[in-house]
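Throughout, numbering of the chain's residues begins at 1 and tracks the sequence.
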Amino acid sequence: MKRILLICLSFLALSTYAAQEVPLLSNIFARKSISLNGKWNYIIDVQEIGYYNYRWKPMSHTFGDNAKAKSPSDLVEYDFDKSKTMDIPSDWNTQDPELKFYEGTVWFKKSFTYHPQTGKKAILYFGAVNYESVVYVNGKRVGKHVGGFTPFNFDVTDVLHDGENFVVVKVDNKRNADHVPTQIFDWWNYGGITRDVLLAEVDETYIEDYSLQLAKHNPRLINGWVKLNRPVEGKEITLSIPGLKIKRSFQTDANGMVYFNQKSRPVLWTPDHPKLYQVAFGNGSEVIHDEIGFRTIETKGKQILLNGKPILLRGISIHEERPFKQGRIHLASDADTLLSWAKELGCNYVRLAHYPHHEKAVREAERMGIMVWSEIPVYWTISWSNPETYQNAQRQLHDMIARDKNRCNIIIWSIANETPHSDARDTFLENLAQYARSQDSTRLISMAMEVTSASNYHNVLHDHMNRFVDVVSFNEYIGWYRDVHDAAKMTWEIPYDKPVIISEFGGGALQGYHGSADQRWTEEFQAEVYRQNLAMLSKIDGLSGLSPWILVDFMSPRRPLPGIQDFFNRKGLISDQGKKKAAFYVLKDFYAHWKE
């Protein structure tokens, strides 16, 4: 009863929360839009004087007004137009040296010209803002969003002017115990408007969302649906897939929905042959183009089956950090660099940790034939008993699935990483797993667990969540947090008839630092950690995948050791400057010989 009540309350709160914005516009990059990327003025607001008065109460007039003095006697203590500028999308930590470690509020302002079209709506879209954002258009507050890695959008049709307009965003990346992620996490807390800002122009009645994929357990049947933004009955919707000679039309029901199925025999997407089909959905003059692949993913006993055949996931974990320069990735070319390194390593799979990565990265991986584990940042010590924290996590899970449900290379939705066991935690994660299945029953559910039972050299995995995941995944760091020579003595017991993925293992090394295999931080030490772990893990019954930690060194405030870490987590197989370490080649050789 407690779990049912929690789910019901979360759905109620989610609908109330989401009322501040319109449902996500699917496939934003296929829409007619104006880019608001580029130079934005910004003001650093350490004490949030632009939002709260001196008694810490929200003010009726904020920096969102973008006020100007109208007479010499007017008091206006800020001026966006005279303030510095920053490239958007970006993070402020790498754009302004003063803000490298900054956690707090920064205000951003962008002016733009817009000429409304009769019969059209304007949807203001943000790919991601970390972490809490309050959005104003022409001095009017249009909404608020919480969560740093998923997209959101507002219908701003009624607040735009014909001609000059401006948008102001209050961005606050302060860590909070009740946030998702919580106060402590092992990556850089990049603040800012970190992904694209677009102003999309759509019809009064437009295609809000759609889904297209193979039916579960039936690779010869395509299932799909199309949803309009409002409940209009009898609207004609068209579907075209020229590569499959499919051209059909449908009528929406009273809810503005179309559901369909189509017998077909598409060429199935695989890592070796990542076939994508050109697809078009039509709604009168509106046509939405996409590239969609078809595949099945399921488990059978201790095997993962792709298109009905067993597959080993040769993987690596990746953080969304720019190669060479650091900072949040916002360019497809940066994602392509990381994914190309993964392909060079021999990977057919990547774990995109520990939050939803840029949509462009997921699409690049799809084109390159790389399967994806996609994750929400339920990381370490979440406030398990706080209903608002659960609502936040569920909202992020919803938005991750909604954005990427048509990407066939995503095979796993992950709901958590390294979470300490408790009854409250189990209820929280059980509800998330059930919610994920309600949103998408065709993909696998997993999470990165911890090994909690060990007797000398025998490790046993015990986790309440084994009942709710399709793939049992866990992190282990023999050789880094325990002597590497223990690996040869270790045995593992996974008491579940499910496939096993080792979601993390590894150790740190400073690229170019050499010594003996027993000398920590050397490339030789890291390479030995990999050799010992690969030999140990290969013996696990049901081992179906690996995603070692991690492809590239990444910034973290938890790693201050001078001369070695310098605020970088050094567990990467490649340095922050793109140079490969010895362990890269150890893993590459292993993958070349690891066969189904």
Side-chain angles (χ1 to χ4, degrees), residues 21 33-54 56-100 102-115 122 124-145 148 152-154 156 158-174 190-199 327-328 330:
E21 40 187 280
S33 64
I34 297 170
S35 173
L36 298 186
N37 295 344
K39 298 292 185 182
W40 288 53
N41 298 95
Y42 68 98
I43 298 172
I44 303 168
D45 190 3
V46 177
Q47 295 193 11
E48 297 184 80
I49 60 171
Y51 193 78
Y52 297 104
N53 65 20
Y54 73 104
W56 202 244
K57 301 292 183 182
M59 298 185 294
S60 57
H61 292 285
T62 71
F63 282 7
D65 295 344
N66 187 29
K68 304 295 180 185
K70 296 180 180 179
S71 70
S73 63
D74 284 350
L75 176 62
V76 179
E77 296 185 278
Y78 68 99
D79 190 332
F80 279 108
D81 295 332
K82 294 180 180 178
S83 300
K84 294 189 292 186
T85 62
M86 181 182 298
D87 289 324
I88 297 296
S90 68
D91 58 272
W92 64 55
N93 312 79
T94 57
Q95 294 292 303
D96 185 339
E98 294 181 8
L99 298 175
K100 180 176 181 178
Y102 181 68
E103 295 182 322
T105 288
V106 176
W107 293 80
F108 294 89
K109 195 264 318 188
K110 175 75 171 181
S111 295
F112 60 97
T113 301
Y114 181 70
H115 300 292
L124 180 60
Y125 169 95
F126 293 86
V129 179
N130 191 36
Y131 175 77
E132 178 182 285
S133 56
V134 183
V135 180
Y136 304 81
V137 175
N138 293 330
K140 297 181 179 179
R141 175 170 166 157
V142 298
K144 175 181 177 180
H145 183 267
F152 56 98
N153 44 220
F154 305 99
V156 296
D158 295 336
V159 295
L160 289 176
H161 303 150
D162 186 359
E164 290 302 307
N165 297 265
F166 67 85
V167 56
V168 173
V169 185
K170 176 185 182 291
V171 182
D172 186 349
N173 76 328
K174 286 193 298 290
Y190 290 117
I193 303 173
T194 57
R195 296 179 189 162
D196 300 273
V197 185
L198 302 171
L199 187 64
R328 276 276 168 261
H330 58 86

- Heavy-atom pair of closest approach, residues Tyr131 and Val171: N-CG1, 4.3 Å
- Note on the structure: Of all heavy-atom pairs linking Phe80 and Phe63, the shortest is CE1-O, 3.3 Å
- Query: When the aromatic ring centroids of Phe154 and Phe152 are compared, is their separation below 6.0 Å?
  - Reply: yes
- Query: Is any side-chain heavy atom of Pro58 less than 4.5 Å from a side-chain heavy atom of Tyr52?
  - Reply: yes
- Message: Testing the basics here: between Leu36 and Lys110, what is the closest heavy-atom pair and its distance to 0.1 Å?
- Response: O-CE, 3.7 Å
- Query: Does NZ or CZ of Lys109 come closer than 6.0 Å to the centre of the six-membered ring of Tyr42, within 45° of the ring's axis?
  - Reply: no
- Message: Assess the residue pair Thr113 and Glu164 against the criterion (side-chain hydrogen bond (donor to acceptor under 3.5 Å, both in side chains)); give the C-alpha distance rounded to whole Å, side-chain angles, the decisive distance to 0.1 Å, and a yes or no.
- Response: CA-CA 5 Å; Thr113 301; Glu164 290 302 307; 2.6 Å; yes
- Note on the structure: Across all chains, not counting sequence neighbours, the side-chain hydrogen bond (donor to acceptor under 3.5 Å, both in side chains) partners of Lys82 are none
- Do Asn173 and Trp92 come within less than 4.5 Å of each other through their side chains, counting heavy atoms only? yes
- In this structure, CG of Leu160 is separated from CG of Asn165 (nearest 0.5 Å) by 5.0 Å
- Could you walk me through whether Glu21 and Lys144 pass the salt bridge (Lys or Arg N to Asp or Glu O under 4.0 Å) check? CA-CA 8 Å; Glu21 40 187 280; Lys144 175 181 177 180; over 6 Å; no
- State, yes or no, whether a side-chain contact exists between Pro89 and Thr194 at a heavy-atom distance under 4.5 Å. no
- Task: Give the C-alpha distance, both sets of side-chain angles, the deciding distance and a yes or no for side chain to side chain contact (heavy atoms under 4.5 Å, CB included) between Val167 and Trp40.
- Result: CA-CA 10 Å; Val167 56; Trp40 288 53; 3.5 Å; yes
- Item | Donor-acceptor under 3.5 Å (Asp172 side chain, Glu132 main chain) | no
- Side chains of Val106 and Ile43: closer than 4.5 Å at any heavy-atom pair? no
- Note on the structure: Taking every heavy atom of Val135 against every heavy atom of Leu124, the minimum-distance pair comes out as CG1-CD2, 4.0 Å
- Task: With rounding to the nearest 0.5 Å, note down the distance linking NE2 in His330 to CG in Asn37.
- Result: 8.5 Å
- Nearest heavy atoms of Gly191 and Asn93, plus distance in Å: N-OD1, 2.9 Å
- Message: Just verifying a value: how many Å separate Ser90 OG and Gln95 CD, rounded to the nearest 0.5 Å?
- Response: 4.0 Å
- Any donor-acceptor N/O pair, Asn130 side chain to Tyr190 backbone, under 3.5 Å: yes
- About how many Å separate OH of Tyr51 and NZ of Lys57, when rounded to the nearest 0.5 Å? 13.0 Å
- Return yes if some donor-acceptor pair links the side-chain N/O of Asn41 with the main-chain N/O of Ser83 below 3.5 Å, else return no. yes
- Task: Kindly indicate, with the supporting measurements, whether the criterion side chain to side chain contact (heavy atoms under 4.5 Å, CB included) is fulfilled by Asn138 and Lys140.
- Result: CA-CA 6 Å; Asn138 293 330; Lys140 297 181 179 179; 5.7 Å; no
- Spacing of Glu48 atom CD and Met59 atom CE [to the nearest 0.5 Å]: 10.0 Å
- Item | Side chain Tyr136, main chain Val168, donor-acceptor under 3.5 Å | no
- Trace of the side chain to side chain contact (heavy atoms under 4.5 Å, CB included) decision for Trp107 with Ile44: CA-CA 6 Å; Trp107 293 80; Ile44 303 168; over 6 Å; no
- Task: Take Ile34 and Leu198, measure what side chain to side chain contact (heavy atoms under 4.5 Å, CB included) needs, and give me the verdict at the end.
- Result: CA-CA 6 Å; Ile34 297 170; Leu198 302 171; over 6 Å; no
- Query: Within a strict 4.5 Å, meaning less than it, do heavy atoms of the Tyr78 and Asp65 side chains meet?
  - Reply: yes
- Message: Can you tell me how far apart CG (Asp79) and NZ (Lys68) are? Round to the nearest 0.5 Å.
- Response: 4.0 Å
- Message: Just to verify, what does Tyr114 make a side-chain hydrogen bond (donor to acceptor under 3.5 Å, both in side chains) with, not counting sequence neighbours?
- Response: Glu201
- Note on the structure: Heavy-atom closest pair (Leu199 atom, Ala122 atom, distance to 0.1 Å) is CD1-CB, 4.1 Å
- Check whether any side-chain heavy atom of Ile88 sits under 4.5 Å from a side-chain heavy atom of Phe108, and report yes or no. yes
- Query: More than 12 non-hydrogen atoms from neighbouring residues, nucleotides or ligands closer than 6.0 Å to CD on Glu103, yes or no?
  - Reply: yes
